[in-house]
Amino acid sequence: MEFSSEEKFVFEDSPQENGVQTNQYSAISPPSSPVAQDEPFSTYFEDKVSIPDNVFSFRKLWAFTGPGFLMSIAYLDPGNIESDLQSGAKAGFKLLWILLGATIIGLLLQRLAARLGVVTGMHLAEVCNRQYPTVPRVILWLMVELAIIGSDMQEVIGCAIALNLLSMGSIPLWGGVLITITDTFVFLFLDKYGLRKLEAFFGFLITVMALSFGYEYVLVKPNQGELLKGMFVPYCADCGPVQLEQAVGIVGAVIMPHNIYLHSALVKSRDIDRKNKNEVKEANKYYFIESTVALFISFLINVFVVAVFAQAFFNRTNIEMCNATGSPHTSLFPLNNNTLEVDIYKGGVVLGCFFGPAALYIWAIGILAAGQSSTMTGTYSGQFVMEGFLNLRWSRFARVLLTRSIAITPTLLVAIFQDVEHLTGMNDFLNVLQSMQLPFALIPILTFTSLTSIMNDFANGMVWKISGGIVILVVCAINMYFVVVYVTALNSVLFYVFAALLSVAYLCFVGYLVWHCLVALGVSCLDFGSRVSNPPAVFIEEQSEYDS
């Protein structure tokens, strides 16, 4: 039998195990790095959590609990919280069904990420490093780094705003950024004391968010009938361009590119025998259950925020705000009848004006917990991405220092030269930046989880290939719409020309990734030189014998 050049590439130097040939992307025996490794990476995986040997039980589920909750923090970062409160203030309860749908789509995408890590023993950045040629791989790494930087800037600024609110303005924005840098380093070294203690700390921060935003929810007493109607009736009565843009913003804020890379790495922290097909299958099941619970909790917290601002501040005008309460923040709200515009800073202020200082401080505590937890997981994302794409062999401290510095430097500059009261425009820009990077996570994860040469018997079936492709197409189209709306609102010919040139290069690279993805999905007529071809049927059969 004659094989194409790409098939020869896939099976070149394939090892023999028990007389059965396994390809270099064997789900059971993950490949070594192209650069020889004398010792494993130390970040996060120094001690793997052992899994008890028994049938389904809550004890075993508890052993798998952790990665999904760390992943869910990205659904609760300050950018998401700001999107939630703006959704409530601009559209009331009408867009809750969008939030529900985006969370469900996010769960399905996170399932693919977790399966890749569990089955192969490699995270997404490592697989990209081994599968794509050098130039596309470097471009992909740069795009993912941009997404991480954008997310990190939102998270650090969120922490700084929370500290400013808690100190009644005594801590300036740049001071809050410096504090966040310092305590992030401290908390990141908690993993020296054990992985489970680190995961427990993240669980504590999620609990703080739930209690803080839950307090605001109980205080405001939203209309439960309207809430349920908005959540389960997919319709938006009397909605216009403002509400449409907000709906697009919700999807862009919930589904974040770096989180796919993060989750595929976090699941490697459990001690799973990938030579045992039943153990791999069981791990996939438990991780899906854990992710479902984690994202359900994050969804409830997001609903708390939307409902509070939908009930208390929907259709409110500036003149109705703090001007009659004697608040020191009256300058934030002009004496006019324009619709209220809020962000996480103004959100805390208006809660304080209407419901007392306690509401402001508790809001700030929730934002601080959201920002602090997401900066830490964002730093882990940066570490995994750099290690996977670049095969870094640096010490833990050097990796943390570099990944922190990449995102903190522009954030500190923004904090120094930008007023804490006028950061909404920056948040919109960062959301656009992350929206543009979304295809660079979603397309690779669908590509590699669809390849039998990588996933063996756990490769996506036809239903998952089709539905996954449709979901990714819709999500990317929605986010591209968000980008177009943002660029056209700039009203600058220079920006239009720059955006046009950037779009050509951007679409060419996305097209390259889509080509690889379509080949992986089985569109064989496009297979002219792709490196992601599935192996011939004879090798698939031999590989299945290995699992028996």
Side-chain angles (χ1 to χ4, degrees), residues 65-88 95-114 147-148 150-152 154-155 158-159 199 202-210 212-214 217 231 246-264 266-267 287-307 344 366-378 380-381 427 430-431 434-435 437-438 441-442 445 471 475 478-479:
T65 298
F69 281 88
L70 269 68
M71 168 274 295
S72 72
I73 285 171
Y75 291 72
L76 296 169
D77 70 356
N80 273 285
I81 300 301
E82 183 158 315
S83 175
D84 292 336
L85 65 89
Q86 289 177 347
S87 171
L95 298 180
L96 279 173
W97 64 276
I98 298 287
L99 177 62
L100 176 61
T103 304
I104 293 173
I105 291 174
L107 173 63
L108 299 179
L109 294 173
Q110 299 298 158
R111 174 185 180 270
L112 294 181
I148 294 172
S151 175
D152 215 11
Q154 288 179 310
E155 294 153 0
C159 286
E199 293 174 343
F202 280 98
F204 167 74
L205 291 177
I206 294 175
T207 303
V208 170
M209 284 184 266
S212 298
F213 299 131
Y217 181 86
M231 189 179 300
Q246 193 57 50
V248 173
I250 289 173
V251 177
V254 168
I255 303 173
M256 306 181 74
H258 72 275
N259 210 32
I260 304 294
Y261 287 86
L262 175 67
H263 198 196
S264 66
L266 294 175
V267 296
Y287 275 131
F288 183 66
I289 295 172
E290 185 233 5
S291 297
T292 302
V293 173
L295 289 187
F296 176 71
I297 293 173
S298 73
F299 172 72
L300 289 182
I301 294 174
N302 283 314
V303 168
F304 289 160
V305 178
V306 174
I344 55 177
I367 295 296
L368 183 61
Q372 186 59 71
S373 58
S374 53
T375 57
M376 294 164 66
T377 55
Y380 274 124
S381 298
N427 187 67
L430 295 175
N431 280 337
Q434 292 177 82
S435 296
Q437 313 314 316
L438 200 56
L442 302 189
I445 195 63
V471 164
V475 169
I478 288 174
N479 281 278

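Everything numeric here is computed off the predicted structure, so don't read it as measured data. Atom set for the values below is all heavy atoms of this structure, side chains included, hydrogens, waters and symmetry mates excluded. FYI, the numbering just counts along the sequence from 1.
In plain terms, the two heavy atoms of T375 and C159 that are nearest each other are CG2-SG, 4.4 Å. Residues I445 and A113 come closest through the heavy atom pair CD1-CA, 3.7 Å. The heavy-atom pair separating S151 from M256 by the smallest distance is OG-CE, 3.4 Å. Residue T65 comes nearest to E199 through the heavy atom pair O-OE1, 3.6 Å, listed as atom of the first residue, atom of the second, then distance. In plain terms, the two heavy atoms of S87 and L95 that are nearest each other are OG-CB, 3.7 Å. Shortest non-hydrogen contact noted between A441 and Y261 is CB-CE1, 3.7 Å.
Contact check for S373 versus I206: no side-chain heavy atoms found under the 4.5 Å cut-off. Residues F213 and V303 fail the side-chain proximity criterion, which asks for heavy atoms closer than 4.5 Å. Residues V267 and H263 are in side-chain contact: their nearest non-hydrogen atoms beyond the backbone lie under 4.5 Å apart. Side-chain contact between F69 and V293 is present, with heavy atoms from C-beta onward closer than 4.5 Å. Using a 4.5 Å heavy-atom cutoff, the side chains of L262 and T377 are in contact. Side-chain contact between F299 and I104 is absent, with no heavy-atom pair separated by less than 4.5 Å. Residues L99 and V254 form a side-chain contact, since some pair of their non-hydrogen atoms from C-beta on lies under 4.5 Å apart. Looking at heavy atoms from C-beta onward, V251 lies in side-chain contact with I255 at the 4.5 angstrom threshold.
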Could you give me the CA-CA distance, side-chain angles and deciding distance for N80 and D77, then say whether side chain to side chain contact (heavy atoms under 4.5 Å, CB included) is met?
-> CA-CA 5 Å; N80 273 285; D77 70 356; 2.8 Å; yes
Give the intermediate values and the outcome of side-chain hydrogen bond (donor to acceptor under 3.5 Å, both in side chains) for residues Q154 and Q434.
-> CA-CA 11 Å; Q154 288 179 310; Q434 292 177 82; 2.7 Å; yes
Apply side chain to side chain contact (heavy atoms under 4.5 Å, CB included) to the pair N259 and Y75, showing each step before the final yes or no.
-> CA-CA 9 Å; N259 210 32; Y75 291 72; 3.3 Å; yes
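How far CD1 of I301 is from CG of D84: 10.5 Å, rounded to the nearest 0.5 Å. To the nearest 0.5 Å, the span separating CD1 on I73 from CD on Q372 amounts to 10.5 Å. Put simply, OG1 on T103 and CD on Q110 are 11.0 Å apart, with the number rounded to the nearest 0.5 Å. Annotation: the span from L368 atom CG to M209 atom CE amounts to 10.0 Å, rounded to 0.5 Å. Taking CG from D152 and NE2 from H258, the interatomic distance works out to 8.0 Å, rounded to the nearest 0.5 Å.
Listed for the E155 side chain is no donor-acceptor partner under 3.5 Å among the backbone atoms of P78. In this structure a side-chain-to-backbone donor-acceptor pair under 3.5 Å is present from N302 to S298. Judged by distance alone, with hydrogens and angles left aside, the side-chain atoms of Q246 form a donor-acceptor pair with the main-chain N or O of S83 at under 3.5 Å.
By the side-chain contact (heavy atoms from CB on, under 4.5 Å) test, L107 is found to be paired with F288, S291, T292, L295, residues two or more places apart in sequence or in another chain being considered. Looking at residues two or more places apart in sequence or on another chain, you find a ring-ring contact (aromatic ring centres under 6.0 Å, His included) between Y287 and F64.
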